[in-house]
Amino acid sequence: MVNKNKGRYPALVIGESDDGKSYVNIGLTNSPKRGHHKNIPIHNPQDWNKTSFLRDDISIDSKDYLSEVLKDCNLCPDDIDKIWEIIKKKNSH
């Protein structure tokens with residue numbers, strides 16, 4: 001997990017761009033919706049007793065923009081399949 005610039009929610013890095021200058025990532029948030037899109041509930045990576053949400057899309061952002069690694073975050077094993085579903089959905093388009 002990395003932190004988007006100050007004041008932004010963290011992102012789950014799932015890969016790197018072909019040129020190595022950007023990270024492929026899924027945004028995390030504490031909101032169940034983004035506009036009319038529903039976000040996917042997961043366990044909060046800092047406290048599994050709370051709920052966080054994954055955005056249901058994949059972004060590509062500069063490594064400079066996603067520069068701070070968050071060391072106190074751990075994905076709950078129960079949420080791994082949800083992440084794979086987002087990745088599969090993106091790869092099927």
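Index from 1, following the sequence.
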Decide yes or no for D56 and K89: does some side-chain heavy atom of the first lie under 4.5 Å from some side-chain heavy atom of the second? yes

Salt bridge (Lys or Arg N to Asp or Glu O under 4.0 Å) pairs touching residues 22-37, sequence neighbours excluded, are R34-D57

From I83 CD1 over to I14 CD1, what is the distance, rounded to the nearest 0.5 angstrom? 8.5 Å

How many angstroms lie between CG in N49 and SG in C76, if you round to the nearest 0.5 Å? 10.0 Å

What salt bridge (Lys or Arg N to Asp or Glu O under 4.0 Å) pairs are there with at least one residue in residues 15-29, not counting sequence neighbours? E16-K63

All heavy atoms of S17 vs all of V24, minimum pair found to be N-CG2, 4.3 Å

Are P77 and W48 packed together at the side-chain level, in the sense that at least one heavy-atom pair is separated by less than 4.5 angstrom? yes

In short, Y23 meets V13 closest at the heavy-atom pair CD2-CG1, 3.6 Å

State the CD1-CZ distance between I40 and R55, to the nearest 0.5 angstrom. 11.5 Å

Side-chain (N39) to main-chain (S31) donor-acceptor, under 3.5 angstrom: yes

Is E85 paired with K88 through a side-chain N to carboxylate O contact shorter than 4.0 Å? yes

Atom CG of L28 and atom CD of Q46: how far apart are they, to the nearest 0.5 Å? 9.5 Å

d(I42 CD1, N44 CG) to nearest 0.5 Å is 7.5 Å

Answer with yes or no whether the hydrophobic clustering places I58 together with F53; edges join I, L, V, M, F, W, Y residues whose side-chain heavy atoms lie under 4.5 Å apart. no

side-chain contact (heavy atoms from CB on, under 4.5 Å) filter on D81, not counting sequence neighbours, yields none

Nearest 0.5 angstrom please: N30 CG to S52 OG, how far? 7.0 Å

